[in-house]
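In this text, all values refer to a predicted model and were calculated from it rather than measured experimentally.
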Amino acid sequence: MNIAATEKQYLLDQRYLAMARIWSQNSYCKRRQVGAIIVKNKMIISDGYNGTPSGFENECEDCQDKTKPYVLHAEANAITKVARSNNSSDGATLYVTASPCIECAKLIIQAGIRRVVFSEKYHQEDGIRLLKRASIDVVHIEEEITINSK
């Protein structure tokens, strides 16, 4: 990839991450809100945020402020959503506000996603290691941007 194409991809990555950050605001979780979008051919084909399964209460934490065991991660929600659609995530890029855990990494691999871009490091890095072992391109972008920047 030439320098201009690399810079353009970096700008696109920043913008899609900003969209995932905005999408994370839909989460009812108090401890941490995470958003994810799946992009293929410059089109958003799915989105997700962390939360309880459909039809459950919109409370992610129990009375001791611990995350309930059945809360779904943003990546899992985005992947299952695309699985129920007519779209395919094969060869797509996943943008997520926190690096994937090991369980989500397994789903990402099985969904055929070829690239993962994230902004915040999760406290365990076993998910990132598994993605790299599966030859998935993993990109960490920390800084926030203004969507209107050029």
Side-chain angles (χ1 to χ4, degrees), residues 1-2 4-29 32-60 67-122 124-150:
M1 211 185 281
N2 65 37
T6 303
E7 288 176 9
K8 184 176 180 181
Q9 183 61 59
Y10 183 73
L11 184 58
L12 281 172
D13 288 346
Q14 287 183 314
R15 289 179 174 166
Y16 284 128
L17 266 179
M19 288 181 206
R21 232 176 265 113
I22 290 167
W23 200 245
S24 73
Q25 295 170 11
N26 289 319
S27 173
Y28 287 92
C29 296
R32 176 183 239 178
Q33 294 179 316
V34 180
I37 59 173
I38 299 175
V39 176
K40 187 172 179 180
N41 300 324
K42 296 184 182 176
M43 291 178 22
I44 298 171
I45 61 169
S46 189
D47 52 57
Y49 50 88
N50 57 327
T52 57
S54 297
F56 282 62
E57 74 287 350
N58 284 326
E59 295 174 7
C60 298
T67 302
K68 294 176 182 176
Y70 51 87
V71 168
L72 292 158
H73 289 188
E75 306 95 314
N77 268 327
I79 290 168
T80 55
K81 189 174 180 179
V82 78
R84 293 179 69 178
S85 74
N86 291 328
N87 290 313
S88 167
S89 55
D90 198 37
T93 298
L94 171 74
Y95 293 90
V96 62
T97 58
S99 61
C101 69
I102 190 87
E103 294 302 317
C104 288
K106 291 188 273 186
L107 291 174
I108 291 164
I109 293 164
Q110 290 302 98
I113 292 169
R114 299 307 317 149
R115 193 164 176 266
V116 175
V117 181
F118 70 94
S119 57
E120 184 183 324
K121 282 192 177 177
Y122 187 61
Q124 296 179 2
E125 294 192 21
D126 49 355
I128 293 172
R129 285 192 297 274
L130 185 63
L131 292 172
K132 288 180 179 179
R133 182 175 171 195
S135 299
I136 291 173
D137 187 21
V138 178
V139 180
H140 180 208
I141 298 176
E142 289 186 59
E143 64 272 4
E144 303 235 355
I145 66 148
T146 303
I147 293 175
N148 292 333
S149 68
K150 291 193 181 199

**Study point:** Derivation and outcome, side chain to side chain contact (heavy atoms under 4.5 Å, CB included), residues R84 and T80
**Key:** CA-CA 6 Å; R84 293 179 69 178; T80 55; 5.7 Å; no

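- Within the model, atoms CD1 of I38 and NZ of K81 stand 10.0 Å from one another, a figure rounded to the nearest 0.5 Å.
- Atom CG of D47 sits about 12.0 Å away from atom OG of S24, to the nearest 0.5 Å.
- Checking each of R15, Q9, E7, K8 against L11 for a side chain to side chain contact (heavy atoms under 4.5 Å, CB included) leaves exactly one that passes, namely R15.
- In this structure, S89 contributes its side chain and I113 its backbone to no donor-acceptor pair below 3.5 Å.
- Annotation: side chain of R115 is in contact with side chain of V139 (closest heavy-atom distance under 4.5 Å).
- Minimum interatomic distance between S46 and A78 (heavy atoms only, all atoms of both residues): OG-O, 2.7 Å.
- G127 and A105 make their closest contact through O-CB, 3.5 Å (heavy atoms, listed as atom of the first residue, atom of the second, distance).
- For K40 (side chain) and G91 (main-chain N/O), no donor-acceptor pair under 3.5 Å exists by modelled atom type.
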Give every donor-acceptor pair under 3.5 Å between a side-chain atom in residues 49-57 and any protein atom, sequence neighbours left out.
| unit_1 | atom_1 | unit_2 | atom_2 | d |
| --- | --- | --- | --- | --- |
| N50 | OD1 | S27 | OG | 3.0 |
| N50 | OD1 | V34 | N | 2.8 |
| N50 | ND2 | R32 | O | 2.8 |
| T52 | OG1 | E57 | O | 2.6 |
| E57 | OE2 | K68 | NZ | 2.9 |
| E57 | OE2 | Y70 | OH | 2.5 |

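- Between Q124 and I102, the closest side-chain pair of non-hydrogen atoms is not below 4.5 Å.
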Review point. When you look at Y95 and R21, which way does the side chain to side chain contact (heavy atoms under 4.5 Å, CB included) test go after all the steps?
Key: CA-CA 9 Å; Y95 293 90; R21 232 176 265 113; over 6 Å; no

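- Of all heavy-atom pairs between L72 and A76, the closest is CD2-CB, 4.5 Å.
- Atoms CG and CD, from N77 and E75 in turn, are 9.5 Å apart once rounded to the nearest 0.5 Å.
- For the atom pair CD1 of I109 and CG of L130, the computed distance is 4.0 Å after rounding to the nearest 0.5 Å.
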Check your understanding: Please walk me through it: do T97 and E120 pass side chain to side chain contact (heavy atoms under 4.5 Å, CB included)?
Key -> CA-CA 6 Å; T97 58; E120 184 183 324; 5.9 Å; no

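- The distance from the CG atom of N87 to the CG atom of N41 is 10.0 Å, given to the nearest 0.5 Å.
- Taking the six-membered ring where the residue is Trp, F118 and H140 present parallel rings, their angle staying beneath 30° rather than reaching 60°.
- Here the shortest heavy-atom pairing between Y28 and C60 reads C-SG, 4.1 Å.
- Looking at every heavy atom in both residues, L17 comes nearest to V96 through CD2-O, 3.5 Å.
- For the side chain to side chain contact (heavy atoms under 4.5 Å, CB included) with Y16, the qualifying choice from L94, I44, T93, I141 is I44, the only one to do so.
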